[in-house]
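Please read the structure below before turning to the comments.
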Amino acid sequence: VGELMMKVNFVKMDGLGNTFIVLKGPLTITNEKVQKYCHENCTDGLLVVTLLGTNLIEMKYWNADGSVAEMCGNGLRCVARFAVENGLVSPGKFEVKTDIGLLKVAWSGKDSDDIEAQVGRVKLGSEPVGLYGLEFYTVTGCNNHAITFVKDINTVPVKTLGPKVENDKYFRRKTNAEFVQVSGRHKILLRTWEVGAGETQACGTGIVAATAVSVALKWVKYPVSVEALGGKAKVWLDDDNYLRMLGPAKNVNTGELRI
């Protein structure tokens, strides 16, 4: 309505320490406003959830810098909880339309630590790439990731190496960087540098990308427990050949935006 502002309620949500503003769609929103809202509410990104049909919703995701991302694994679990709690779908199994395709999710409506979501299929690069004294394995399919393995997750200089890898000219489009420590036959530890957000508590697509590379190199076997700074998730390969993740999604607070 011209330049009139519309008031919209939001829920701030947390998936493994990844924080999001979650809004009910349909909504048109500018990149500049995404940046502003994320900055004001100290979140890693913004999600818009829209009902498309019975047991079918759509998810749109923006990073904190206003850039659009194809997919967000931790955001997807938050979307699943938001959709059930806001009456868009009934508890149980339903599907989410994302920019990488339709993904299956499931939540009983009870335990917020047990939200299940397909995060996608991944494609691994054929050879590792030597960058800054480390070997990185490239993964595409659900966002771009560069995965490297380290002896000690606590001493790796993520804040120094992360931005260098993200912006390295080897990658046609910017890439997320994951630093992985193998901690047993079914466990890895993980730190993440995300495009548009810096080091974050966790990254859902990074969790499944790091798991896929670890399994491909035969260092771990599915199912894999992944411990990120923000908490733990479980990853396995489902019957559709999709990587699936089980993890939490929590409500932090609610508020109002002028859009």
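Heavy atoms only: backbone and side chains are in, while hydrogens, waters and symmetry mates are out.
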Who are the ring-ring contact (aromatic ring centres under 6.0 Å, His included) partners of F94, not counting sequence neighbours?
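Result, ring-ring contact (aromatic ring centres under 6.0 Å, His included) vs F94: none returned.
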
Is it possible for you to say whether [X] and [Y] belong to one hydrophobic cluster, with membership spreading through side-chain heavy-atom contacts below 4.5 Å?
| X | Y | value |
| --- | --- | --- |
| V208 | V96 | yes |
| L217 | V235 | yes |
| V158 | V150 | yes |
| L51 | V84 | yes |
| M6 | V22 | no |

Given 3.5 Å as the limit, does a donor-acceptor pair link the side chain of R244 with the main chain of D238, or not?
no

If we ignore hydrogens and angles and just use 3.5 Å, is the side chain of S225 paired with the main-chain N or O of K234 as donor and acceptor?
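Such a contact is absent between S225 side chain and K234 backbone.
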
Criterion side-chain contact (heavy atoms from CB on, under 4.5 Å) against F136, the qualifying member of T138, L134, V139:
L134

side-chain contact (heavy atoms from CB on, under 4.5 Å) test vs I57 passes for just one of V49, L52, T50, namely V49

Measuring from [X]:[atom1] to [Y]:[atom2], what's the distance to the nearest 0.5 Å?
| X | Y | atom1 | atom2 | answer |
| --- | --- | --- | --- | --- |
| C203 | N18 | SG | CG | 6.5 Å |
| L257 | L23 | CG | CG | 5.5 Å |
| R121 | T140 | CZ | OG1 | 13.5 Å |
| L161 | L131 | CG | CG | 9.5 Å |
| L56 | K97 | CG | NZ | 8.5 Å |
| M13 | N253 | CE | CG | 11.0 Å |

Can you confirm whether [X] sits close enough to [Y] that some side-chain heavy atom of one is under 4.5 Å from a side-chain heavy atom of the other?
| X | Y | answer |
| --- | --- | --- |
| L246 | E116 | yes |
| V213 | L124 | yes |
| R191 | Q181 | no |
| S214 | V224 | no |
| F82 | V11 | yes |
| T19 | K12 | yes |
| I207 | L16 | yes |
| V105 | I115 | no |

Filter on side-chain hydrogen bond (donor to acceptor under 3.5 Å, both in side chains), then keep only pairs touching residues 28-40, sequence neighbours left out; what's left?
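Qualifying pairs: K36-E40.
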
For residues 51-63, which residue pairs pass the side-chain hydrogen bond (donor to acceptor under 3.5 Å, both in side chains) check, not counting sequence neighbours?
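side-chain hydrogen bond (donor to acceptor under 3.5 Å, both in side chains) check on residues 51-63 returns K60-D99, N63-S67.
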
Residue pair [X] / [Y]: nearest heavy atoms and the distance that separates them:
| X | Y | value |
| --- | --- | --- |
| G204 | N74 | N-ND2, 3.1 Å |
| L76 | A117 | CD2-CB, 3.7 Å |
| A146 | F171 | CB-CZ, 3.9 Å |
| A228 | A202 | CB-CB, 3.7 Å |
| P128 | E135 | CG-OE1, 3.9 Å |
| K93 | A106 | CG-CB, 4.0 Å |

Who are the salt bridge (charged side-chain N to carboxylate O under 4.0 Å, His left out) partners of [X], not counting sequence neighbours?
| X | value |
| --- | --- |
| K221 | none |
| E95 | none |
| D65 | none |
| D240 | K104 |

ring-ring contact (aromatic ring centres under 6.0 Å, His included) pairs, two or more places apart, involving residues 177-207
none

Residue pairs passing the ring-ring contact (aromatic ring centres under 6.0 Å, His included) test where at least one lies in residues 212-247, sequence neighbours excluded
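For residues 212-247: F149-W219.
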
Stepwise side chain to side chain contact (heavy atoms under 4.5 Å, CB included) test for T211 and V226
CA-CA 8 Å; T211 302; V226 184; 3.4 Å; yes

Step-by-step side chain to side chain contact (heavy atoms under 4.5 Å, CB included) determination, V119 to M71
CA-CA 8 Å; V119 185; M71 179 43 197; 4.0 Å; yes

Show the numbers, then the answer: is there a side chain to side chain contact (heavy atoms under 4.5 Å, CB included) between D44 and E194?
CA-CA 9 Å; D44 297 318; E194 285 194 69; 5.5 Å; no

Trace of the side chain to side chain contact (heavy atoms under 4.5 Å, CB included) decision for L243 with L237:
CA-CA 5 Å; L243 284 158; L237 200 62; 4.0 Å; yes

Please identify each residue that fulfils side chain to side chain donor-acceptor pair (under 3.5 Å) with [X], with sequence neighbours left out.
| X | value |
| --- | --- |
| N176 | none |
| K159 | E199 |
| D113 | K250 |

Side chains of N251 and E85 only: does a donor on one sit below 3.5 Å from an acceptor on the other?
yes

Taking CZ in R172 as the centre, count heavy atoms belonging to other residues, nucleotides or ligands within less than 6.0 Å. Is the count above 12?
no

Tell me if the OH atom of Y132 is crowded by more than 12 foreign heavy atoms within 6.0 Å.
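Enclosed: over 12 neighbouring heavy atoms sit under 6.0 Å from OH of Y132.
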
